[in-house]
Every structure is written in C-alpha cells, then in structure tokens.
Amino acid sequence: MLFHNKLITWYLQNKRHLPWRETKNPYAIWLSEIILQQTRVAQGLPYFEAFLTNYPTVQDLANAHEDEVMRLWQGLGYYSRARNLHFTAKTITHELNGVFPNNYKDLLKLKGVGEYTAAAIASIAYGEIVPVVDGNVFRVLSRIYGITSDISTATTKKEFQAKAQELISHEQPATFNQAIMDFGAIQCTPKSPQCPQCPFIQDCVAYNTNQVDKLPVKLAKTKVKKRYLDFLIFVDNDQNTYIQQRTKKDIWQKLYQFPLIDRFEQNDINVQQILTEDFKNQPVKDIVQLNTDYVIHILSHQKLHIHFWMIKCEKLARNENYEIVSWNQLNKFGFPIVIHNFINSINTK
DNA sequence: AAGGCGGGGAG
DNA sequence: CTCCCAGCCTT
C-alpha cells in the first residue's frame, strides 16, 4: 500500500478532534497555526478559543490594541508570535483588502508565517499540494526512511521537504499533512513510540535496525545563560505601584514588568543605594525582601534567578520611566508568567 | 549558518 | 534532570 494511503487510513481511525479542524476559515486556521508553533496542542487550545472569542474576524484582531493582544497571549511564550499576529492582521485588513492570501507563495510573505505555516494554511484552507515539515515530520520520516542527517541544518530541511513532497497525497494534501503530524504526536512519539502497533513496522528502517531511539539526529545544543533579576514592587497608601513596558530587543518584548535591576553576573545588589540613586525623589518607608531563595524561571536560552522586593511608600511620585497603576488593575496588563504568578501568590495571601 | 526567543509537559 | 513541542526572525 502507498505511504499516503496507509498514513491516512491510520489517521481516520486515530485522529484528534480539534476545533480548527472543523473549519475552512483561513483566519481561524492561520490563528491556530501561529499559536501551535513550538507549542503543544493542549497548551494552545484555550488560547485559540480566547482569541477567536475576542476577535471573531481578522478585522477585529486588526482593530484591537496591541496591549490587549499581548495580555491575551500572556503565558503562551514566544511573544513575537503575538506581535507578528497583530501586525499581519493589520496588513491583511488594510493592505490586502481584508482578503487572505490563498497560496503558499503569498502566504510566505506574511510576517510570522514561515515555510511550515505557509504550507499548513495553503494545504488545509486551499487544498494546495505542499507538504508541511515540522518536528513531527522530521521524526516520522527520519525513522521510517532511516534518514540520519542532522535536522538542525537548512540542507537537511530541504531534504525532508523533498521527501515529503514525494510522499504527499495529491488527492488529499490537507488530510495528509494533518495525518503525518498527528502520527508523530500520537504514535511515533519522541520517547517510547508505539512501535508494536505501528502500521509502518514492516517498512520502518529505524525499527528494523533498532535505531528508533537514535532518530532523528539533532546535533545543535542550546546553551543557557544565567541571569539575575531583582524586581522592585512599589506600594503606596493608595495601593498604587510602578510598572513599565519592556521595549528593547530582549526577552518579553511588549510585556509589562515592575522596576527592574537586571544583570548577567551574580552580585548582590544594594536596594537602598538603587533607591537613592534612581528614585531619589521618592521617599521610602520600608524595604522588604519578599523571597530569600531565588525564584527560578527557565527560558529556552536563559535561566533566570529572581528576587522580588516590596518598597513601601506614602505616595508614589510621578516618574517619567514608569506608569503608576492601581494594584487591582494589574490584570489589565500582560506580564511575563513568572511575574504574573508572583502577583497572584501575593493576592491570595 | 547560528543565535535568540517561553512556557510547560513527559519520561 | 533532559528533551521537545503544528517555528520564525534577525544577524
């Protein structure tokens, strides 16, 4: 039996029932694909529902305030996706007359849409015969065909794209693409794949040479830098606090935070000294260190060591670098999840 | 080609 | 702990 027939047969018996599979609406499909980049279905699902509820159409998303989009994305990570999502909604609404690009080549021009996402939308929404190559496809094809190239290189990606193009069903490209991804997510998993009940067990090179746990080959290792953050949580008698938006090309761009002392070396800071230098017009009643053990927060390339401080004041003075907001209004802003969780832990005390 | 960018779940 | 998830953008 042909590869695509065997795969689709498996899919029809095992597929996951997901909301974005109930529609041909390119907006909803695009939204789902952006959310699912480097993100598990279970984690992305509630965000998909929230975005579609708050912004039923691409025009609604285009008209939204960026801060609100960022707040809705809060906790999902890789925040450039949210910024690009909003940017592209405006592009489609204002420059493309509200009409979604309907082919791979034009989809690829959209900000935040790369080869994978363009292929996914083109095939699922428009039936174009173009294969997706994501982490699942690398794993499935490397094992079945015994491909030992390092998947972290651009050359290898082309190799897999060519292989997938050769295998894709010309009659059901959308089903094929979703099938191979579900197969990777459910059956041909990274660890402990379900080989005994695999329809490709006869053909699978990796299985028949006992190399399933060695494929795919990925050589690149990301190294993690340590970083030390001290957040200053000002509170005055009116329950106001200082926050600021992160604007630099760095982690968490466009999210909000408390005043921050930030460094890559582990040297203890003198909060009193910081206050007299950077907040010299702000009388302070009391300084309380809220956690002695670091709050540890792991990012893909950084390991964050965080201390939170409470700075008690009578009344917060205006400060050009910070916004003064009421403590109970903090939920209007998108924060890094580690800060959001800390705010919640204070609120429930 | 290489590095940066989040957060969470599985094993 | 390590690995990886429906990747993309910048340098």
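In the text below, chain A, chain B and the rest are named by the order of the sequence lines, each starting its count at 1.
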### Task
Mind checking A:Gln302 for me? I need base, sugar-phosphate or nothing, with any heavy atom below 4.0 Å counting as a touch.
sugar-phosphate
### Message
Categorize A:Val113 for me: base, sugar-phosphate, or nothing, with a 4.0 angstrom heavy-atom threshold over every strand shown.
### Response
sugar-phosphate
### Query
When you check the gap from the basic side-chain N to the acidic O, do A:Glu95 and A:Lys90 get nearer than 4.0 Å?
no
### Query
Taking the six-membered ring where the residue is Trp, are the ring centres of A:Tyr27 and A:Tyr55 under 6.0 Å apart?
no
### Query
Does A:Lys15 offer a backbone N or O that forms a donor-acceptor pair with the side chain of A:Asp182 under 3.5 Å?
no
### Message
Any base atoms under 4.0 Å from A:Leu76, or only sugar-phosphate, or nothing? Heavy atoms, all strands.
### Response
base
### Query
Taking 4.0 angstrom as the limit, do A:Asp67 and A:Lys254 come out as a salt bridge?
no
### Query
Across the strands shown, which category fits A:Arg83 at heavy-atom distances under 4.0 angstrom: base, sugar-phosphate, nothing?
nothing
#### Entry: Salt-bridge criterion met for A:Asp262 and A:Arg246 (N-O under 4.0 Å)
no
### Task
Classify the nucleic acid contact of A:Trp73 as base, sugar-phosphate or nothing, counting any heavy atom under 4.0 Å across all strands shown.
nothing
### Task
Scan A:Thr117 against the nucleic acid and name what it touches under 4.0 Å (heavy atoms): base, sugar-phosphate only, or nothing.
sugar-phosphate
### Message
Quick check for you: name the first and last nucleotides of DNA chain C, 5' to 3', having an atom under 4.0 Å from a heavy atom of chain A.
### Response
C:dT2 to C:dT11
#### Entry: Sub-6.0 Å ring centroid separation between A:Phe138 and A:Phe160
yes
#### Entry: P atoms of B:dG3 and C:dA6, separation to the nearest Å
25 Å
### Message
Can you see if the side chain of A:Lys225 gets near the phosphate of B:dG3 - specifically, an N or O under 4.0 Å from OP1 or OP2?
### Response
no
#### Entry: Pair A:Phe234 + A:Tyr322: ring centers closer than 6.0 Å
no
### Query
Any donor-acceptor pair under 3.5 Å between the side chain of A:Thr39 and the base of B:dG6?
yes
### Task
Describe the nucleic acid contact of A:Ile180 in one word from base, sugar-phosphate, nothing, applying a heavy-atom distance below 4.0 Å.
nothing
### Message
Does A:Asn177 reach a base, just sugar-phosphate, or nothing at all? Heavy atoms under 4.0 Å.
### Response
nothing
### Query
Does A:His297 put a side-chain nitrogen or oxygen below 4.0 Å from OP1 or OP2 of B:dG6?
no
### Query
Expressed in whole Å, how much space separates the C1' atoms belonging to B:dG9 and C:dC8?
23 Å
